[in-house]
There are 2 protein chains.
Amino acid sequence: MEKQNVTIYDVARESGVSMATVSRVLNGNSNVRQATKDKVLAVINELDYRPNAVARGLASKKTTTVGVIIPDVTDGYFSSLARGIDDIATMYKYNIILANSDDNPEKEATVLNTLQSKQVDGIIFMGNEINNKLRAEFKRSSCPIVMAGSVDTSYTSPSVNINYVDAVKDETNRLIEHGNNKIAFISGSLRQAINKDYRLKGYKESLKDNGVDFDDKLVFETEGTYDAGYNLAESLWKQKITAAVVTNDELAAGILNGMTDRNISVPEDFELFTSNNTKIAKMVRPQLSSITQPLYDIGAVAMRLLTKIMNKEKVDDRNVILGYGIVERKSTR
Amino acid sequence: MEKQNVTIYDVARESGVSMATVSRVLNGNSNVRQATKDKVLAVINELDYRPNAVARGLASKKTTTVGVIIPDVTDGYFSSLARGIDDIATMYKYNIILANSDDNPEKEATVLNTLQSKQVDGIIFMGNEINNKLRAEFKRSSCPIVMAGSVDTSYTSPSVNINYVDAVKDETNRLIEHGNNKIAFISGSLRQAINKDYRLKGYKESLKDNGVDFDDKLVFETEGTYDAGYNLAESLWKQKITAAVVTNDELAAGILNGMTDRNISVPEDFELFTSNNTKIAKMVRPQLSSITQPLYDIGAVAMRLLTKIMNKEKVDDRNVILGYGIVERKSTR
DNA sequence: GTGAAAGCGCTAACAA
DNA sequence: TTGTTAGCGCTTTCAC
């Protein structure tokens, strides 16, 4: 029963040409007479021949697959990027090997190695917690890596992002304009450059511009989960904080519901800005005001950039910054 | 600069043994003297040798990668399954090629072919809209396919699911117990067997058991999106419907918010049951009552099942049914 | 316990 | 325009 044995050699024999010619029609090489091509195509069809991509990969040193390292597919932010990546990958005839890393440098290093042993033509990296070991792996990498929606301040690979500093600064400015003077900055791990070096910076800049003193007791580092937010809500309120900039939508949703369930009204008593505008920002009530990011596009552009690099095309901008916006919905006044 | 050229041949030469021996230590073959092994290992380390998985795949006819076909990574239901799949895949040293299909039979057939040409060792299929062409591709497949959280009534591949009939029946029963007699059944495409042949069946069985007449005007087939739900809400209310069983959480969240925004109170005026208990069921307010499914486990068990089949181990249950529960939160009385 | 050698199925010079 | 022929880097008999 199990066939999967018809090879390029079989179709060569059946159509009375050489393997080389079959290979040519397979690869759309121009130098084949139309009649020959037709015959070969007919045989391919008849024999139900499917080229073996592994053999092809070995011979050509190209696998037409790219690796995608993602913290967690289940996270709406990253899965949106992943969707953009896959769509563009498909458009350019690539497949993606998807690997969850949980933002864990060990896992990231491991998977980076596995991907390379699988000879992927390129890698898209999402994740923010990059340590020296991982950085070393990056440099050692024999294939191009582009970062999507993720930053590392001490290693500059090609990347696609928005301006996180300005975005958070804008949010904070608005919160100050609304009359708040105790504004919390609430993020996931501050070991992540995106939080520590960009978002927190934007927050501080805004305070400074507005003559508000920075108070590190207003900086909350927590797990980036709904539950963490939910549990944090009460203590925020008890500390007389009246507003917060949150770097993660699930976390923000948790805070929001945590407040609501304790009869603290958002936005009357407490204003909330979140950062990623994923689906849930619109699903919770009140709807979350947020930075708007072109999530799908970040992934799509990153993949497009990678195709260019893999093709050795000239790219004039290795570090793409896409535009962002701010939408004030119902969690701010 | 670009190396990636050290091959098994290099380490064989450097360690003064044959390629065969190197291959043996690489594959943990027992028949190698410890001293030889140590020497080889040392050289591997020194040369920073990484086996080429593509070459290995060609020679061994095993790629240690499996294909995963998913309607949309962005969907919380499927991404939860995908996470379970990836974790177990990693545990068994497999990688996954992830491909979005949008539940589109054309795309599914295409990607099924691509995956097989890439010589994946197996495939996990998620999606419910299976047409004859796709079914033919399934049968023609040279590698094992298991379905996760997805059903096809006319083709029985190995699968992992819950009992959708009973689950929906239970929900509907409760809604009837609560005094509703106009209960809507609201689902995504009824071309999908999971909706048409299972969930709708459970709905009907419940009505019958309770002596309520079935009315096909209460069956709503719509896009399975938040917006579709949001827009549907008002007409539901106008039709004097007082409760609904919804097959998709985003859809349910849309209905919920659509109601709320039009001052129809859930659950006082309208009761809502949803089906997948994804994250959003707990994030919206009021929180959605739902069937509880072991989403991660469905994926994990499916992947485990696939490893067994790939290994040609005996499996006694090719169609696994996992348990479900019902949780009544705040969208029901 | 180890080595020699024949492939795995394809691509890519190089000839013709 | 087409064919011949080396490989690509590894696994896997089959000898020894």
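Every chain is numbered from 1, with letters handed out A, B, ... down the list of sequences. Only a predicted model underlies this, so the values are computations on that prediction, with no experimental measurement involved.
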Below 4.0 angstrom from OP1 or OP2 of [N], is there any side-chain N or O of [X]?
X: B/Lys62; N: C/dC8; value: no
X: A/Thr36; N: D/dT2; value: yes
X: A/Tyr9; N: D/dG3; value: no
X: A/Ser18; N: D/dT2; value: no
X: A/Lys37; N: D/dT1; value: no
X: B/Asn52; N: D/dG9; value: no
X: A/Ser60; N: C/dT11; value: no
X: B/Arg24; N: C/dG1; value: no
X: B/Arg56; N: D/dT11; value: yes
X: B/Asn27; N: D/dT11; value: yes

Q.
Between B/Thr307 and B/Asn311, do the side chains contain a donor N or O and an acceptor N or O under 3.5 Å apart?
A. no
Nearest to side-chain heavy atoms of [X], which nucleotide of [options]:
X: B/Ala59; options: C/dG7, D/dT4, C/dT2; result: C/dG7
X: B/Ala20; options: D/dG9, D/dT11, C/dA4; result: C/dA4
X: B/Leu58; options: C/dG1, D/dG9, D/dC10; result: D/dG9
X: B/Ser23; options: D/dT11, D/dT2, C/dG9; result: D/dT11
X: A/Met19; options: C/dC10, C/dG3, D/dC10; result: C/dC10

[N] [atom2] sits how many Å from [X] [atom1], rounded?
X: A/Gln119; N: D/dG9; atom1: CD; atom2: C1'; value: 9 Å
X: A/Arg13; N: C/dG9; atom1: CZ; atom2: P; value: 13 Å
X: A/Lys39; N: D/dT1; atom1: NZ; atom2: P; value: 15 Å
X: B/Ile44; N: D/dC10; atom1: CD1; atom2: P; value: 10 Å
X: A/Arg50; N: C/dC10; atom1: CZ; atom2: P; value: 12 Å
X: B/Asn29; N: C/dG3; atom1: CG; atom2: P; value: 13 Å
X: A/Asn31; N: C/dA13; atom1: CG; atom2: P; value: 14 Å
X: B/Leu26; N: D/dT11; atom1: CG; atom2: P; value: 6 Å

**Q.** B/Lys118: which of A/Thr65, A/Asn52, A/Thr64 passes side-chain hydrogen bond (donor to acceptor under 3.5 Å, both in side chains)
**A.**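 Only one option passes, and that is A/Thr64.
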Q | Interatomic distance, B/Ile96 atom CD1 to A/Ile96 atom CD1 [nearest 0.5 angstrom] | A |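 The distance works out to 8.5 Å.
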Q: Keeping to residues at least two apart or across chains, list the salt bridge (charged side-chain N to carboxylate O under 4.0 Å, His left out) pairs with something in residues 11-24 of chain A.
A: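 Of all non-adjacent pairs touching residues 11-24 of chain A, those that pass salt bridge (charged side-chain N to carboxylate O under 4.0 Å, His left out) are A/Asp10-A/Arg13.
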Q. Which heavy-atom pair separates A/Asn319 from A/Ser159 by the least distance, and what is that distance?
A. ND2-OG, 2.8 Å
Q. Closest approach of A/Asn131 and A/Leu134, non-hydrogen atoms and distance?
A.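 In terms of heavy atoms, the two residues are closest at OD1-N, 2.9 Å.
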Q) Which of these passes side-chain contact (heavy atoms from CB on, under 4.5 Å) with B/Val40: B/Val43, B/Asp38, B/Ile44? A) B/Ile44
(Q) Five pairs per end, C1' atoms only: what is the angle between the end axes of the helix from C/dG1-D/dC16 to C/dA16-D/dT1, to 10 degrees? (A) 30°
Q.
Between B/Arg83 and A/Asp102, does the salt bridge (charged side-chain N to carboxylate O under 4.0 Å, His left out) criterion hold? Intermediate values first, please.
A. CA-CA 11 Å; B/Arg83 189 52 150 106; A/Asp102 288 317; 2.2 Å; yes
Q. At under 4.0 Å between heavy atoms, what does B/Val54 touch on the DNA or RNA strands: base, sugar-phosphate, or nothing?
A. nothing
(Q) Taking B/Asp297 first and then B/Arg304, would you say they form a salt bridge - that is, a charged N and a carboxylate O separated by under 4.0 Å? (A)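 B/Arg304 and B/Asp297: not salt-bridged.
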Q. In terms of the nearest nucleotide of DNA chain C, which residue is placed more toward the 5' end: A/Ile8 or B/Arg33?
A.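 Taking each residue's closest nucleotide, the earlier one in sequence belongs to B/Arg33.
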